[in-house]
Chemist: 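Quick one: this structure, given as structure tokens, is what I'll be asking you about.
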Amino acid sequence: MNDMVTTAGMPVHERTTILGVETSCDETAAAVVRGGRDILSSVVSSQVDLHARFGGVVPEVASRAHVALITPVVAQAMVESGVTDADIDAVAVTAGPGLVGSLLVGMSAAKALALAWDVPLVGVNHLEAHLYASLLEEPALEFPLLVLIVSGGHTLLVGFHGHGQYRIMGSTLDDAAGEAFDKVARYLGLGYPGGPAIDREAMAGDPEAIAFPRAMLDNGFDFSFSGLKTAVINHVRRHPDVSTVDVAAGFQQAVVDVLVHKARGAARAMGAKGICLSGGVAANSQLREAILDVCVADGLHGYLPSRTMCTDNAAMVAAVGWWRLMADGASPLDIGVVPGIGFPGTIG
Amino acid sequence: MLILGIDTATPQVGCAIGGHEGVLASFHSAKGRRHAETLVPAIDFIRRQARIELSEISAIAVDVGPGLFTGLRVGIATAKALAMALRVPMVGVSSLDLVAFPVRWTNRLIVSVIDARRGEVFYGFYRQVPGGIQRLSDQCLGTPEELCSEIIARGEEVLAVGDGALRYGEQLSDLIRVEIGETGLAYPSPGSLVQLAHAQAVREQFVNSWELEPLYLRKADVEINWETRERT
Ligand SMILES: [Zn+2]
């Protein structure tokens with residue numbers, strides 16, 4: 001077994017076992033991953049039910065739940081992994097982006113564990129973790145890859161050229177795709193979270209019954225969803241008797257069309273060998289189908305991580321922690337959280 | 001029995017290690033870097049200064065509030081994770097108790113007052129008893145005016161301590177029988193935390209890490225709004 005060492009980094013190898021901790025939004029998660037690849041356990045405690053009546057994630061409610069859940073979730077991840085405390089070689093934790101109060105709970109717990117176990121701490125970027133989510137399920141993945149990260153907080157097209165080598169191809173200029181789903185679902189009275197609610201409703205509707213606008217924004221691969229959201233609301237106001245299933249289907253089709261069109265263009269522009277999905281909205285069944293169709297048509301690999309790997313989890317945090325530990329080494333124990341941090345060191 | 005105490009319920013970050021011999025090492029910082037950045041390095045610092053391995057710690061004590069929510073959670077999440085990793089029990093101590101404890105030799109009635117921001121304070125009344133203090137009231141959240149009327153109703157000489165007492169010092173000093181504690185006593189003392197927790201630990205008054213809860217005394221705004229909406 002060869003240690004892979006870089007000048008800045010720490011020796012990690014295929015037995016290096018990392019506990020990941022993720023609390024950036026409304027999932028309290030912990031996972032044990034060996035060698036950056038092998039998931040020994042992954043526990044996610046979702047707070048969806050706590051936030052449902054408020055129609056969105058409430059930061060103070062999320063922070064309170066994280067404090068209550070963090071140690072039980074870590075303890076369960078340890079038990080399910082079958083490893084002992086002494087087997088943990090490092091603790092990786094999401095340092096941002098995310099909700100500050102939520103991030104602080106995971107960061108505090110992770111630092112305490114690193115101190116108590118006397119192992120390195122490694123603070124990681126949540127968005128970079130989403131890129132590594134796909135590697136966990138597709139070890140044979142070929143670079144360069146186009147990754148579409150779509151969630152309640154983010155809509156990003158990222159060129160993944162190799163470990164630590166990223167180029168942002170496009171991002172949203174206003175609402176994140178998941179945010180648009182939540183807002184439209186709330187307006188239609190479909191409940192929270194909006195993504196699955198609209199997905200379900202749309203199945204019974206005709207996506208071509210209502211032609212909603214597709215903001216293609218000719219310049220580049222950026223997105224805009226606020227106009228679509230307004231168009232949906234205006235349409236329902238003007239036609240109060242419109243069938244909700246058709247509105248949901250038409251709206252979802254418009255979002256998917258834009259996401260797929262831009263992803264396809266970006267993949268071509270960068271010469272990607274495949275397209276990969278990540279983030280909560282990547283669980284949307286229509287988006288998954290449409291991306292696969294494009295991949296088949298364009299001769300690309302389509303990597304669709306399982307729904308549990310698309311949504312926030314700590315296995316992806318532990319996985320990227322393994323790479324970051326090797327590339328940059330441990331983080332000092334006085335690091336803080338960075339709620340508004342962007343994508344990590346991009347190329348070109 | 002060695003106890004590690006953690007206090008982050010106010011703008012101050014504090015930690016201490018002690019036991020039956022008293023406080024062996026302590027740290028506090030009331031200004032500067034944020035709680036989550038300071039706390040764990042400070043714990044590492046004091047245990048090195050006291051030449052103590054974390055494995056020698058028998059219990060983790062933590063200030064459970066009331067106090068500023070974000071800071072409070074940093075301390076509690078750190079304390080819970082330490083207790084879990086070291087496989088030791090926890091002791092929770094109220095921030096108001098911690099502010100009242102160092103002034104226990106006064107004959108006056110003690111009111112411990114912590115600034116809750118947004119024009120409100122957390123407070124509780126205490127009296128000296130042999131070997132310590134006794135809390136006479138519930139720990140409450142109220143406006144300085146509500147606190148003043150409660151002080152008047154009690155009709156006694158009062159010593160008001162804590163950062164809330166200092167912030168609303170002028171209002172409180174208008175009441176003739178109130179004296180205000182000095183700035184050095186404004187925040188919970190990590191040393192007192194270890195002392196009070198040690199007394200509880202000797203009586204085996206422990207909680208498990210998964211049972212320990214912050215004392216918020218104020219609901220999340222959204223829940224308050226929700227309840228108002230539901231009632232109307
Ligand atoms: Zn995410």
Chemist: Would you give the length of the straight line joining atom CD1 of Ile70(A) to atom CD1 of Ile76(B), rounded to the nearest 0.5 angstrom?
Modeler: 14.0 Å
Chemist: What part of Val58(A) gets closer than 4.5 Å to chain B, counting heavy atoms only: side chain, backbone, both or neither?
Modeler: side chain
Chemist: Using only distance (under 3.5 Å, no hydrogens or angles), which donor-acceptor pairs connect chain B and chain A?
Modeler:
{"unit_1": "Glu60(A)", "atom_1": "OE1", "unit_2": "Arg73(B)", "atom_2": "NH2", "d": "2.9"}
{"unit_1": "Glu60(A)", "atom_1": "OE2", "unit_2": "Arg73(B)", "atom_2": "NH1", "d": "3.0"}
{"unit_1": "Arg64(A)", "atom_1": "NH1", "unit_2": "Arg218(B)", "atom_2": "O", "d": "3.3"}
{"unit_1": "Arg64(A)", "atom_1": "NH2", "unit_2": "Arg218(B)", "atom_2": "O", "d": "2.7"}
{"unit_1": "Asp85(A)", "atom_1": "OD1", "unit_2": "Arg87(B)", "atom_2": "NH2", "d": "3.3"}
{"unit_1": "Asp85(A)", "atom_1": "OD2", "unit_2": "Arg87(B)", "atom_2": "NH2", "d": "3.0"}
{"unit_1": "Lys111(A)", "atom_1": "NZ", "unit_2": "Ala36(B)", "atom_2": "O", "d": "2.7"}
{"unit_1": "Asp334(A)", "atom_1": "O", "unit_2": "Arg33(B)", "atom_2": "NH2", "d": "3.2"}
{"unit_1": "Asp334(A)", "atom_1": "OD2", "unit_2": "Arg33(B)", "atom_2": "NH1", "d": "2.9"}

Chemist: Quick check: closest heavy atoms across Leu104(A) and Ala36(B), and the distance to 0.1 Å?
Modeler: CD2-CB, 3.3 Å
Chemist: Can you say whether Ile335(A) sits under 4.5 Å from chain B via the side chain, the backbone, both, or neither, judging by heavy atoms?
Modeler: backbone
Chemist: Which atoms of Leu82(B) come close to chain A, meaning under 4.5 Å heavy atom to heavy atom: side chain ones, backbone ones, both, or neither?
Modeler: both
Chemist: What are the two closest heavy atoms between Ala112(A) and Val40(B), and how far apart are they?
Modeler: N-CG2, 4.2 Å
Chemist: Could you pull out the closest heavy-atom pair between Ala116(A) and Leu54(B), with the gap in Å?
Modeler: CA-CD1, 4.0 Å
